[in-house]
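Notes for the one structure printed next.
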Amino acid sequence: MINYSEIEAKWQKAWADARIFENDVSDKPAYMVTAAWPYVNTPLHIGHLRAFGTSDVLARYKRMRGFNVIYPMGFHATGTPVLAFAKRIKSGDKEIVEELRMFHVPDVEIQKMTEPAYIAAYFTNESRQLYGRSGFSMDQRRSFVSTDPQFSKMVEWQFAILNSKGYLTKGRHPVGWCPNEDNAVGMHDTKHDVEPEIEEETAVLFRVDGEDAYMLCTTYRPETLFGVTNMFVNEKVQYVACRIGDGGKQYYISKAAAGILKYQTKVEILEEVGADRLLAKTCINPMNGSKLPVLPGFFVKEGVGTGIVMSVPAHAPFDYAALERLRKEGRLQQEIKPIKVLDVKVGRSLSDVSVGEAKPSQMDVPALAYMEILHTNVDAIDDMLEFATKLEYREESHWGRMLAKGYEGMSEPEAREKMKKELAANGNAISVYALQNAPVYCRCGYEVVVKVVEDQWFINYGDKAWKEESKEALKRVNLLPDRTRNAFDAAMDWIDMRAVARAQGLGTRFPLDSTKIIESLSDSTIYMSFYTISNLVKDLAPEKLRPEFFDFVFKGIGDADKVAASTGIDYTLIKKCRESFEYWYRDTSRGSGPDLIFNHLVMYIYNHTAVFDSAYWPKQIVVNGFVMSEGEKMSKSLGNIVPLSDALAKYGADPSRMNVIAGADLYSDADFSGTAVRGIQERLEYLYNAATDLDKLGSGELKSIDYWLYSKLSGKIGRATAAMEKLELRDAYIPIFYDSVLELKRYFARGGGNGIVVKDFLSSVALMLQPMAPHLAEEMWHTLGNDSFASLEKWPEADKDMLDAKAESVEEAIERMLEDARQVIALMEKKSGKRARSIKLMVAEDWKRKLLNALAKEKRVDRALAAVNGEEGVSMETAERIATMLAKRMNELQPVGLTQQEEFVGFSDAAGYMAKQLGCDVKVEKEAAAMSERAWRSVPLKPSIDLALE
RNA sequence: GCGGGGGUGGCAGAGCUUGGCCAAAUGCGCAGGAUUGAGGUUCCUGUGGUUUUAGUACCUGCAAGGGUUCAAAUCCCUUCCCCCGCACCA
């Protein structure tokens, strides 16, 4: 058994003592690897091992390829989460305490986490230790936290540039809002961590007949306005007459709606109005002027929309049901006929029930038809009606075609957009916001509303010139994997105004409004560049880090003399910072998760184009997938999140790394599973034991199987290197790791045992294993007699001269031979009931090679036959039979380079091995010498078999 | 709804960019055998379906349907299903 913790501790200490991962400016080409930093309230889990480990593998690989590499890592602490975290701890929130206990955070520590500073300190410290224990080759001197005042100075400088380019603009913006605490709420502030989803709704104005006032009515389907027959209000609800907006019109809405709307716009309540007064009124349809009676609707809710509903009985089951119920109760004075406004294509409706089968009455009232399809009726419970509504809504918006004048033939979504525009243009509608997933509750218990924040600051990612420049920058980025490019392109097009100033949270003050804090994704778009100087400026007084310092260091503006004079920073330090930035920031790789493509990563590109010269724009972005646990998605609710510390302790760093990082393609999700990790451990152990047992092997002249092993080695270096360049780590580590084990096993089984050959093989394997399993690779490397660090060695080069097609084809032929022989033996033993005693293999004559090669080249039987006609010992009858046989697989035919003699020697050498595999004697002979009826059937690399039974 | 990704053996997952040599590398699981006092480990063999056979083969299969082509998992169209994101939130 390998003692992982012992080996890991040994090498981690050796690396740290030798400081081999702390690098500075040198003559070597520079390479900088960064990965998206973790948030300081998150204990690290196995997912982080994937994200940071992938970057570590890249850093380690690049080091072996001759680059001077740094892999720095900082911490994110800005924004609201750490404040919310402290608050929850303070209030004794059980959920969060449980979560922390799952990560083995001691209770004494949890109790101390009432201050953001302590939380940040605790987790940064824990994380740094875990980085070390994971074997990450990080340069820890460069670590910093996003709340560090020196870093803040850089963010201020960055925002001054954004402002000078006109990218900061002001406007209004809807946010989730807690009326009780009077501040914005995000996911972290709500009960059960739900994100308040804000949705824009169209509110249509229905003028009240004979009044200069309107009933306001929100709807998702304004295109059905042509089908409105009446209005619904709820008899039990309190309504108000009010004015909305500055100098706005007079409206009727529910009192509850007024209470919500006042967060979005000015609402001035004129008087309270009972439902009975509304029921006495008549409205006018703004689209066609038709008169609409106001009726009581059982389903109307005061807090949903405006508490007033436009009734479209032809297309809304609730509306139809409400009218029918009124009719039954005898409360419907006038005849109300549903008006159909859209039709569905024949054969495409009602959940696959053909429209043709529907009754004419159903055709006129789709709402009724959908109820019937679901075997329900107008007296059904609300849930059933809701279900019918959703079904109808979905099918009509998918397949519906408009009937109304001016909209004929349009799809519903198309008509909706047109209608919205028309209504807005004529002043017949206004936009209001609502929570799509209402009700959402703040942690304090109050229901969240939508507030429209005035004077919100935005970063205008919609700026045309900026967008173009950033798209250009994206084109130049090497995306790994490249198939994320579509997502990046889409993200580039989509990103627009982004609110940037927040009232709350940790972080840098917004320069244009010092009462606000810069939103925390926006303060982290160019932070990687700060790693190039973070170790140099961390002890400087923040106020010295004036804009001219950053101008000089990051943009080369001005000169060091003057900057030194105005800032008081040492001249040589300033020069050093500039030098460091120029050196490290040219060739970079940015690692991240797929969830960040649509925010962080596009903002990263945008901000680089805004701030830096093009030589320092992003060069490579790596997007890695998530990690699952035993086939399931990791989540708090399932309680199956694997803490990184657990994985390291239980399985060791190297096996865990291999499982999580090399266990799946770059962009696919990996599965952390016990059986898989144990499988990896067994193989690591096999390779390690092979290295320690090397002295038991002999030496001597190289045999065919030795050449085969060299050939395999050379091939795998080529394959692995190609895969590593694209960071396809699974593809790389199958040949490096899994195949190597199989090949060594085969090598020994085939009688290989040359210590020099095995040492060469293992040396290369150990080096290629180094990026992924660095500890064990170091240990193996030293076991093999080396004194240097494997971490600093050169990546092996493929030696093309070692590629030995003949040796490989012999081995492949032997394997195929065994398969065939097994089939024959099984068949004959079953048939005869006797055991196989011995097998004679008859190797094809040289003329058959000529025949096969001619056939492979010419692809024609006649020409191939002509090529061997007249040769010594050739029977044309046999030649024809063989040629016909081979021709069946014409496309697969590969020329054979091996002579009969070579093939004979190859099979003869393997006779013992084959005998062991088959459990019977194996003799090898040349075809002509074999004196067997079956000898003629031999084909190059496919000897004929003669089986003798007992 | 919009945007992005996907659907291949019992499972995970290659192959799709550049059509044929290619369906399924590798691992897990399962079955049989060897080793072992037993279990585990390890080693060997088998593992989509079917037919045939003293082996070198054939048929059917890559979500469903259609098309292009001498040839389609791969290109095109239609439909269905699954996952992720949709913003001020890290």
Side-chain angles (χ1 to χ4, degrees), chain A residues 36 38-39 41-42 76 78-82 173-176 184-189 195-198 220 394 397-398 412-413 416 453 456-459 461 482-484 486-491 493-502 505 519-522 524 594-600 626 628 631 633 663-665 667-671 673 675-676 678-680 682-683 686 730-731 733-735 737-739 742 745 749 816-828 831-832 882 885-886 888-894 916-917 919 934 937-939 941-942 944-947:
Chain A
Y39 202 83
N41 68 357
T42 331
H76 202 189
T78 47
T80 51
V82 72
H173 188 71
V175 292
V185 292
M187 195 170 77
H188 303 279
D189 311 307
E195 179 77 42
E197 288 170 37
I198 296 164
Y220 294 113
R394 196 174 70 219
S397 77
H398 207 154
E412 199 174 15
R416 185 172 308 150
V453 180
Q456 172 62 276
W457 281 98
F458 295 90
I459 300 182
Y461 290 115
D482 194 60
R483 66 190 165 114
T484 56
N486 286 342
F488 271 95
D489 286 341
D493 283 330
W494 162 85
I495 195 167
D496 196 17
M497 294 287 200
R498 185 178 179 96
V500 66
R502 298 213 69 193
E519 181 271 320
S520 60
L521 281 185
S522 300
S524 309
D595 48 333
L596 296 184
I597 293 177
F598 277 80
N599 46 53
H600 168 70
F626 296 112
M628 321 245 281
K633 199 174 165 178
D665 278 340
Y667 197 49
S668 314
D669 293 347
D671 187 25
S673 99
T675 41
R678 279 189 290 275
I680 289 162
E682 282 158 17
R683 289 172 177 82
Y686 181 86
R730 185 176 161 79
D731 286 349
Y733 279 89
I734 284 173
F737 183 58
Y738 294 92
D739 289 351
L742 293 176
K745 283 182 180 175
R816 276 198 305 271
M817 187 68 248
L818 286 172
E819 272 175 50
D820 290 342
R822 278 191 192 104
Q823 270 190 56
V824 175
I825 290 170
L827 203 66
M828 290 313 289
K831 241 183 182 174
S832 68
I882 296 289
M885 211 152 82
L886 291 173
K888 284 186 193 164
R889 298 178 298 131
M890 192 75 90
N891 286 334
E892 302 170 40
L893 287 183
Q894 295 293 325
K916 207 179 154 199
Q917 290 288 319
R934 307 191 56 83
R937 300 174 69 104
S938 67
V939 171
L941 294 179
K942 202 99 185 168
S944 180
I945 299 170
D946 211 341
L947 176 68

Next on the checklist: Considering every strand and a 4.0 Å limit on heavy-atom distances, what is the contact class for R483(A): base, sugar-phosphate, or nothing?
Outcome noted: sugar-phosphate
Checklist entry - Atom CD1 in I825(A), atom CD1 in I945(A): separation rounded to 0.5 Å? => result 7.5 Å
Checklist entry - With sugar-phosphate meaning primed atoms plus P, OP1 and OP2, does R683(A) contact a base, only sugar-phosphate, or nothing at under 4.0 Å between heavy atoms? => result sugar-phosphate
Next on the checklist: In this structure, how many angstroms lie between the C1' atom of G4(B) and the CD1 atom of I597(A), rounded?
Outcome noted: 8 Å
Checklist outcome for this item: Picking from U56(B), A54(B), G29(B), the nucleotide nearest the side-chain atoms of T675(A) would be G29(B)
Checklist entry - Over how many whole Å does the gap from F488(A) atom CZ to G5(B) atom P extend? => result 13 Å
Checklist entry - Between G29(B), A90(B), G4(B), which nucleotide has the shortest distance from any of its atoms to the side chain of Y39(A)? => result A90(B)
Checklist entry - How far, in whole Å, is C84(B) from G15(B) if one measures between their P atoms? => result 23 Å
Item to check | F598(A) side chain, from C-beta outward: closest of G3(B), G27(B), A87(B) | outcome: G3(B)
Item to check | D739(A) side-chain proximity, nearest of U26(B), C88(B), U56(B) | outcome: U26(B)
Item to check | Nucleotide C2(B), atom P - distance to CG of N486(A) in whole Å | outcome: 17 Å
Checklist entry - Nearest-Å distance, CG (D482(A)) to P (U17(B))? => result 15 Å
Checklist entry - Nearest to the side chain of L947(A), which nucleotide is it out of A54(B), A25(B), C86(B)? => result A54(B)
Next on the checklist: Applying a 4.0 Å non-hydrogen cut-off, can you work out what N599(A) is touching in the nucleic acid: base, sugar-phosphate, or nothing?
Outcome noted: base
Checklist entry - Any side-chain heavy-atom pair from D595(A) and H600(A) closer than 4.5 angstrom? => result no
Next on the checklist: Do I680(A) and R683(A) have side chains that approach each other closer than 4.5 Å (heavy atoms only, starting at C-beta)?
Outcome noted: no
Checklist entry - D496(A) near the nucleic acid: base, sugar-phosphate alone, or nothing, with a heavy-atom cut-off under 4.0 Å? => result base
Item to check | Any V82(A) side-chain heavy atom under 4.5 Å of Y39(A) side chain | outcome: yes
Next on the checklist: Let's see if you can work this out: which of U56(B), A90(B), C28(B) has an atom nearest to the side-chain heavy atoms of V939(A)?
Outcome noted: U56(B)
Item to check | G-U wobble or Watson-Crick pairing nucleotide for C80(B) (cut-off 3.5 Å, both distances) | outcome: G7(B)
Checklist entry - Which part of the nucleic acid does S668(A) contact within heavy-atom distance under 4.0 Å: base, sugar-phosphate only, or nothing? => result sugar-phosphate
Checklist entry - Reckon K633(A) touches a base, only the sugar-phosphate, or nothing at all at heavy-atom distances under 4.0 Å? => result sugar-phosphate
Checklist outcome for this item: Ranking C88(B), A90(B), G13(B) by distance to the side chain of R498(A), first place goes to C88(B)
Checklist entry - Side chain of Q917(A): nearest nucleotide among C44(B), U26(B), A90(B)? => result C44(B)
Checklist entry - Using the purine O4'-C1'-N9-C4 or pyrimidine O4'-C1'-N1-C2 torsion, is G9(B) syn (within 90° of 0) or anti? => result syn
Next on the checklist: Classify A499(A) by what it touches in the nucleic acid, base, sugar-phosphate, or nothing, heavy-atom distance under 4.0 Å.
Outcome noted: base
Checklist entry - Closest to the E682(A) side chain: A90(B), U42(B), U45(B)? => result U42(B)
Checklist outcome for this item: Separation of A12(B) atom C1' from I734(A) atom CD1, nearest Å, is 12 Å
Next on the checklist: Classify H76(A) by what it touches in the nucleic acid, base, sugar-phosphate, or nothing, heavy-atom distance under 4.0 Å.
Outcome noted: sugar-phosphate
Item to check | Short side-chain N/O contact to A90(B) OP1/OP2 from T80(A), under 4.0 Å | outcome: yes
Item to check | 5' priority, RNA chain B, between H600(A) and R937(A) [closest heavy atom] | outcome: R937(A)
Checklist entry - Quick one: are L521(A) and R498(A) in side-chain contact, heavy atoms under 4.5 Å? => result yes
Item to check | Nearest-neighbour nucleotide for the E519(A) side chain, A90(B), G3(B), G27(B) considered | outcome: A90(B)
